[in-house]
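Predicted model, so just to flag it, every value in this text is computed and none were measured. A note on names: the letters A, B, ... follow the listed sequences, proteins ahead of strands, and every chain is numbered from 1.
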Amino acid sequence: MKLQDTLTNSEKTLDTSHKVRIYLCGVTVYDESHIGHARTIIVFDVLRRYLENRGIEVNFIQNFTDIDDKIINRAKLENVTADEISSKYIEHYFSDFDGLNVKRATDYPKATEHIKDILDFIQKLINKDIAYTSKNGVYFSVSKFPEYGKLSKKKIDELQSGARIEIDETKKDPLDFALWKFSDVEPTWDSPWGKGRPGWHIECSAMSIKYLGENFDIHGGGRDLIFPHHENEIAQSESFVDNQFAKIWMHVGMVTINGEKMSKSLGNVKSIKYVLDNWGSNIIRLFCLSGHYSKPIDYSEELLKENLIKWRQAETCYYELIHSNNEKQSDNVISIVKKISNDFDEALEGDFNTHLALSAFFSLVKEANRLAADENLGINDVKTIKPEFERMLEILGLSIPKISQEQKQEIDKMIESRERLRNEKHFAEADKIRASLNEMNIELIDHKEKTIWMKKENIKADIWT
RNA sequence: GGUACUCUGGCAGAACGGUUAUGCGUGGGCCUGCAAAGCCUAUACAAGGGGGUUCGACUCCCUCGGGUACCUCCA
């Protein structure tokens, strides 16, 4: 598989001959997660699902940054402890992302549970004379890492002249960043240099190397993390291990809202809770995968609506597949499905082009629906199409809502009565039954020889769009 | 101001130095008791502006312009 690497600005081949090790920078847990977080995490979720589907083992680590100024400030504001804030938002994180059908990572290490590793990490940097202690904390000396700026393509002297850097006289160089911050404000931990807490970037370096070892396969996150977060991680980590930190740097583009930046000051932040509530996980996932991961995507109701229409087609396809009962068989279904399946895989192999993979998925949907429309979808074709359809659903993380056996029987009974009434030309009565099924979100599809039903996913936004 | 990314038809979005992308939308049709769903079919002077390289550029180069992100809060 080829992936765009931010560091070398070129496509790199992912080595899948062994277990693939991925580290994804997760969230700082001080507030609700939003659609931007969702996109990044869904992209990595699908990457992981795809690799696993190919039989490749994946060690997928995603951290929680649970100690940070923002958490402390929030705690102060709400008059609770930092731990209460982070625990609360970790809980919300899981409810949001379970709702989005994101598979749980192999592990979710937390900064506060790895203080020892962080301290060891810092000590080694001090020993190597790459970090130093000053009045306010322990700092990484950027001048000791000549390659600083290589990820973000920034020049050190240009950064130094940047007007927005606040001059801190206690640092040797304005670019030096904190590994450890001295503080008396709880929570704090003891360290050989003084009581305090870790700086922002150090936890990812310490935890990724601890869980994945040196030179792991993919390090990812949102584009906005390239600088300073990932730049600093590289500086720390490569000073620490004297080896390449990560093989491929994979960055996911931002989500804009109607062309504007999503920000609290603009009041246009779309929380996962909100989008999930209105659109459901399938539509959100389709939306998040509708563009190439490295490019920005724009959130708009119009685009979500487009994905809703597509999702309805996929639902129809599913119910056509499970209700097929005729013996007909079309000649070239096997070769068509094989080609579509290939297209799907090739799209993902080639820089993880989820948009192209989606078009392959929808051409499979179309193929099945076309056969069904012509009354030609036989059970032998279903044997070919359904496993592939389900494989794609699994990789994309899409799911058809389940329906109980009792409900199925009830529906079948209602359809039977309606059939009887239709045969007797009591259409008004028959239509009443159809209407009451519609109210249960059951859609009837009248084929020539039989009537089948589908359970439409209940999507709030469907009504107001 | 600097750096990176980006600019394709009403919208979304690919590939490719020379061939219809595709999807949504829109028009028409099929199916139906009527619908719905689905299917079929038609539909686009498309390439941000201007130069250049080339037999030929959406694709390569230059330039101008727009957008987004980052420049120690950020997925």
Atom pair distance, as rounded to whole Å: [atom1] in [X] and [atom2] in [N]:
X	N	atom1	atom2	result
A:N63	B:rC74	CG	P	12 Å
A:L371	B:rC40	CG	P	10 Å
A:H355	B:rC24	NE2	C1'	10 Å
A:D31	B:rA75	CG	P	10 Å
A:Y293	B:rG13	OH	C1'	17 Å
A:I297	B:rA75	CD1	P	16 Å
A:H229	B:rC70	NE2	P	15 Å
A:D298	B:rA69	CG	P	11 Å

The side chain of A:P228 lies closest to which of these nucleotides: B:rA21, B:rU3, B:rU72?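 Per side-chain heavy atoms of A:P228, the pick is B:rU72.
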Given B:rG23, B:rA21, B:rU68, the nucleotide with the shortest approach to the side chain of A:K310: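 Of the options given, the side chain of A:K310 lies nearest B:rG23.
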How far does the [atom1] atom of [N] sit from the matching atom of [M], given to the nearest Å?
N	M	atom1	value
B:rG13	B:rC24	C1'	11 Å
B:rG50	B:rA44	P	23 Å
B:rA35	B:rU41	P	23 Å
B:rA14	B:rC60	P	15 Å
B:rU22	B:rA46	C1'	14 Å
B:rU19	B:rC11	P	24 Å
B:rG9	B:rU20	C1'	13 Å
B:rU3	B:rU43	C1'	43 Å

Under 6.0 Å from the [atom1] atom of [X], do we count more than 12 heavy atoms belonging to anything else shown?
X	atom1	result
A:K76	NZ	no
A:K273	NZ	no
A:K2	NZ	no

Assign [X] to base, sugar-phosphate, or nothing according to its heavy-atom contacts below 4.0 angstrom with the strands shown.
X	answer
A:G26	sugar-phosphate
A:H34	base
A:G36	base
A:V27	sugar-phosphate

Qualifying residues under salt bridge (Lys or Arg N to Asp or Glu O under 4.0 Å), relative to A:D69, sequence neighbours excluded: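 By the salt bridge (Lys or Arg N to Asp or Glu O under 4.0 Å) rule, A:D69 matches A:K181, A:R197.
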Any A:V269 side-chain heavy atom under 4.5 Å of A:Y274 side chain: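 Side-chain contact under 4.5 Å: no.
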Please confirm whether the ring centroid of A:Y89 lies under 6.0 Å from the ring centroid of A:F64.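 Not under 6.0 Å, so no.
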Ring centroids only, cut at 6.0 angstrom: are A:Y23 and A:Y211 within range, meaning strictly under it?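 Distance test on ring centres: not under 6.0 Å, no.
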Evaluate salt bridge (charged side-chain N to carboxylate O under 4.0 Å, His left out) for A:E315 paired with A:R312, printing each intermediate quantity in order. CA-CA 5 Å; A:E315 284 184 308; A:R312 293 295 187 215; 2.8 Å; yes
Going 5' to 3' through nucleotides 25-38 of chain B and flagging B where a protein heavy-atom sits under 4.0 Å of the base, S where only the sugar-phosphate is that close, and - otherwise, we get S-------BBBBBS
Stems where RNA chain B pairs, listed by first number, each of three or more Watson-Crick or G-U pairs under 3.5 Å: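 RNA chain B forms these stems: B:1-7 with B:65-71, B:10-12 with B:22-24, B:25-30 with B:38-43, B:48-52 with B:60-64.
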Pairs where residues 341-373 of chain A contributes a residue and the test ring pair (Phe, Tyr, Trp, His ring centres under 6.0 Å) is met, not counting sequence neighbours: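 Sorted result for residues 341-373 of chain A: A:F361-A:F389.
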For [X] and [Y], does a side-chain donor sit closer than 3.5 Å to a side-chain acceptor?
X	Y	answer
A:Y132	A:D176	yes
A:S294	A:Q4	no
A:N438	A:E443	no

Counterpart residues, side-chain contact (heavy atoms from CB on, under 4.5 Å), relative to A:I336 (two or more places apart):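 Here the qualifying residues are A:N332, A:I340, A:E367.
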Collect all protein-nucleotide pairs involving nucleotides 5-10 of chain B in which both atoms are nitrogen or oxygen and the distance is under 3.5 Å.
residue : atom : partner : partner atom : Å
B:rC5   : OP1  : A:N9    : ND2          : 3.1

On RNA chain B, does the nearest nucleotide to A:D374 precede the nearest nucleotide to A:N353 from the 5' side, or the other way round? Give the residue.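 Nearest nucleotide further toward 5': that of A:N353.
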